[in-house]
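Step one of this worksheet: look at the structure below.
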Amino acid sequence: MSMKKVTALFCALCLILALAACGNSGGGDSTGGTTGGDNVSTGGDTSGGDSSGGNAADYTSIDIILAHGCTETTAEHASFQLFEQLVEERSGGAVNVDIYPNQQLGGDREYTEAAVQGNVTMGGPSTSNMASFVPALNAFDAPFVFSDYETVYKALDSDAGQALLDSLEVAGLKGLGYFENGFRNLTINGEVNHLSDLKGLKIRTMENEVHLAIWQALGANPGPLAFGELYTALQQKSFDAQENPLEQIYNNKFWEVQDHVYLTQHVYTPYIIYMNLDAWNGLNEATQELIQQCIDEAVEHNRALCAENNLKCTDGINNSGKSQVYPVSEELLQEMIDACNQAGIYDTVIEKTGGTYAQDFFAAAGFSY
């Protein structure tokens with residue numbers, strides 16, 4: 001094992017011990033599912049781009065500790081592996097990356113706090129779990145902003161999306177890009193055809209102020225619950241419904257205990273890729289450009305993997321014999337948007353976000369309310 005690897009591993013072990021002392025409040029909803037079962041394999045082919053070795057003398061030498069919360073079977077992990085491969089090869093070994101997946105260094109909050117302190121170099125948490133560090137990221141919690149993935153990517157790649165990346169600097173982080181987390185969708189036993197069908201529905205949500213307010217506005221009775229307890233709670237009917245991206249619905253087998261999956265696509269939250277700002281500023285221009293280039297290529301790879309994965313998850317649920325995936329009618333969708341607007345959800349998001357981040361992001365998505 002190289003001295004770089006030994007040093008990185010020693011730092012990581014020290015961080016693990018420190019995090020163990022303060023517990024794990026990490027976001028189960030943003031970890032791609034860790035309860036086992038028939039995980040959709042999203043690894044794919046992680047080769048790509050120009051793999052020719054560069055001259056190490058041209059780049060700043062750095063050992064990168066990269067943490068994320070997803071399992072090794074997810075598209076996020078495969079995409080970070082591609083980044084690792086590309087940046088190490090193209091830097092001639094000057095840049096070394098050690099990836100710690102599956103909450104090995106804590107959940108989103110823990111490893112992000114460690115990144116702010118400089119003990120972790122890079123991370124990829126859900127924006128919902130980052131909003132307490134960076135208020136501008138509350139923009140992603142606004143409901144029904146995006147009609148499809150094409151609109152999502154247009155907004156993420158716009159000046160408004162870049163402004164949200166740049167806003168991470170208030171927390172001492174450098175925003176580099178977005179990986180796919182996906183639209184959140186509703187699972188329930190029974191049909192939902194009208195807004196009235198949600199009235200009094202006991203639904204499990206993340207412990208997020210905006211998410212709770214959305215479901216209250218829709219007439220439901222939302223409540224938070226630890227992600228690891230969710231399957232059992234649905235099985236025992238402690239909750240009537242829950243909402244999560246398709247990958248988590250499939251991998252955590254919620255389709256076994258919920259016979260309807262509705263593509264409500266009510267909230268879209270990506271994983272946001274960052275680097276400790278001091279570490280970034282300590283790199284020469286060539287190294288900064290190389291890291292950004294390799295992240296950009298990993299983002300494109302990630303989007304392709306996730307498109308395949310959504311199809312696999314949908315087919316898996318539809319072929320289960322226990323549940324089906326259903327679209328949401330335009331009429332119901334408009335009822336839901338109107339209810340959120342009347343409840344002041346969008347005004348709340350704008351206020352929590354500050355500045356014009358949310359308004360600019362809505363405009364980039366072509367959304368009005």
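Numbering of residues begins at 1 and proceeds along the displayed sequence.
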Criterion ring-ring contact (aromatic ring centres under 6.0 Å, His included) on F361 and F146, from CA distance to verdict: CA-CA 11 Å; F361 198 53; F146 302 104; 5.6 Å; yes
Audit row: Y274, W280, side-chain contact (heavy atoms from CB on, under 4.5 Å) steps and yes/no: CA-CA 10 Å; Y274 61 65; W280 174 264; over 6 Å; no
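- Judged by distance alone, with hydrogens and angles left aside, the side-chain atoms of Q258 form a donor-acceptor pair with the main-chain N or O of D240 at under 3.5 Å.
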side-chain contact (heavy atoms from CB on, under 4.5 Å) evaluation trace for L165 with Y178: CA-CA 9 Å; L165 286 175; Y178 302 99; 3.6 Å; yes
Verdict with supporting geometry, D338 and Q342, side-chain hydrogen bond (donor to acceptor under 3.5 Å, both in side chains): CA-CA 6 Å; D338 291 343; Q342 291 168 12; 5.5 Å; no
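- The main-chain N or O of Q359 is never found under 3.5 Å from a side-chain atom of T356 such that the two would form a donor-acceptor pair.
- Remark: side-chain polar atoms of Q104 are not paired, donor with acceptor, to backbone N or O of A67 under 3.5 angstrom.
- Just one residue in the list N138, D141, D108 forms a side-chain hydrogen bond (donor to acceptor under 3.5 Å, both in side chains) with S128, and that residue is D141.
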Criterion side-chain hydrogen bond (donor to acceptor under 3.5 Å, both in side chains) on Y271 and N302, from CA distance to verdict: CA-CA 11 Å; Y271 298 117; N302 177 263; over 6 Å; no
side-chain contact (heavy atoms from CB on, under 4.5 Å) between F133 and V170, worked out: CA-CA 8 Å; F133 296 91; V170 301; over 6 Å; no
Test ring-ring contact (aromatic ring centres under 6.0 Å, His included) applied to Y346 and F367, step by step: CA-CA 11 Å; Y346 299 103; F367 175 76; 5.3 Å; yes
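- Using modelled atom types, one side-chain atom of N181 and one backbone atom of T269 make a donor-acceptor pair closer than 3.5 Å.
- Between A358 and I350, the shortest heavy-atom contact is CB-CG1, 3.9 Å.
- Between C340 and A217, the shortest heavy-atom contact is CA-CB, 4.3 Å.
- Hydrophobic clustering (ILVMFWY, side-chain heavy atoms < 4.5 Å, transitive): L263 and Y250 are in one cluster.
- Considering only heavy atoms from C-beta on, L198 comes within 4.5 Å of M336 through its side chain.
- Put simply, the side chain of N102 never gets that close to the backbone of E72: no donor and acceptor are under 3.5 Å apart.
- The structure places CG of N252 at 7.5 Å from CG of N244, a figure rounded to the nearest 0.5 Å.
- Atoms CD and CE, on E209 and M206 in that order, are 13.5 Å from each other to the nearest 0.5 Å.
- Taking 4.5 Å as the limit, some side-chain heavy atom of T205 sits within range of a side-chain heavy atom of E243.
- Summarising the local packing, CD of Q235 is surrounded by more than 12 heavy atoms from other residues, nucleotides or ligands at distances under 6.0 Å.
- The shortest heavy-atom contact between A286 and Y59 is O-CE2, 3.7 Å.
- Atom CD of E351 has 12 or fewer heavy atoms from other residues, nucleotides or ligands within 6.0 Å.
- Distance check: L186 CG to R184 CZ gives 11.5 Å after rounding to the nearest 0.5 Å.
- Judged purely by atom type and a 3.5 angstrom limit, N276 has no side-chain atom pairing as donor or acceptor with the backbone of T121.
- Closest approach of E247 to C313, counting heavy atoms only: CA-SG, 3.7 Å.
- A distance-only check finds no donor-acceptor pair linking the side chain of E84 to the backbone of D98 [under 3.5 Å].
- Residues I188 and H260 form a side-chain contact, since some pair of their non-hydrogen atoms from C-beta on lies under 4.5 Å apart.
- When side chains are defined from C-beta on, Q293 does not count as touching E289, because their heavy atoms never get closer than 4.5 Å.
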side-chain hydrogen bond (donor to acceptor under 3.5 Å, both in side chains) between Y231 and E256, worked out: CA-CA 9 Å; Y231 182 94; E256 289 186 338; 2.5 Å; yes
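- When all heavy atoms of L234 and Q242 are compared, the pair lying nearest together is CD1-CG, 3.7 Å.
- Contact of the L333 side chain with the E330 side chain is registered, since non-hydrogen atoms from C-beta on lie closer than 4.5 Å.
- Smallest separation of non-hydrogen atoms from M275 and A279: CE-CB, 4.2 Å.
- When atom types are taken as modelled, the side chain of E308 and the backbone of L305 share no donor-acceptor pair closer than 3.5 angstrom.
- When the shell of 6.0 Å around CG of D159 is examined, it contains 12 or fewer heavy atoms from other residues, nucleotides or ligands.
- Looking at heavy atoms from C-beta onward, E191 lies out of side-chain contact with D197 at the 4.5 angstrom threshold.
- Annotation: side chain of Y268 is not in contact with side chain of V145 (no heavy-atom distance under 4.5 Å).
- Annotation: the span from Y153 atom OH to D148 atom CG amounts to 10.5 Å, rounded to 0.5 Å.
- Expressed to the nearest 0.5 Å, how far OH of Y100 lies from CG of L66 amounts to 10.5 Å.
- The aromatic rings of W215 and H266 sit perpendicular to each other, their planes meeting at more than 60°, with 30° as the lower class boundary.
- The OG atom of S323 sits 12.0 Å away from the CZ atom of F254 when rounded to the nearest 0.5 Å.
- With Y357 contributing its side chain and A139 its backbone, the two residues share no donor-acceptor pair below 3.5 Å.
- Contact check for R204 versus F227: side-chain heavy atoms found under the 4.5 Å cut-off.
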Test log, rule side-chain contact (heavy atoms from CB on, under 4.5 Å), inputs H68 and F179: CA-CA 11 Å; H68 70 84; F179 278 165; over 6 Å; no
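- Judged by distance alone, the side chain of D259 and the main-chain N or O of G190 form a donor-acceptor pair under 3.5 Å.
- Note on I337 and L212: separate hydrophobic clusters, where clusters join Ile, Leu, Val, Met, Phe, Trp and Tyr whose side-chain heavy atoms are under 4.5 Å apart, directly or indirectly.
- Cluster annotation: Y369 is connected to V267 through the hydrophobic network of ILVMFWY side chains, with a link wherever side-chain heavy atoms come within less than 4.5 Å.
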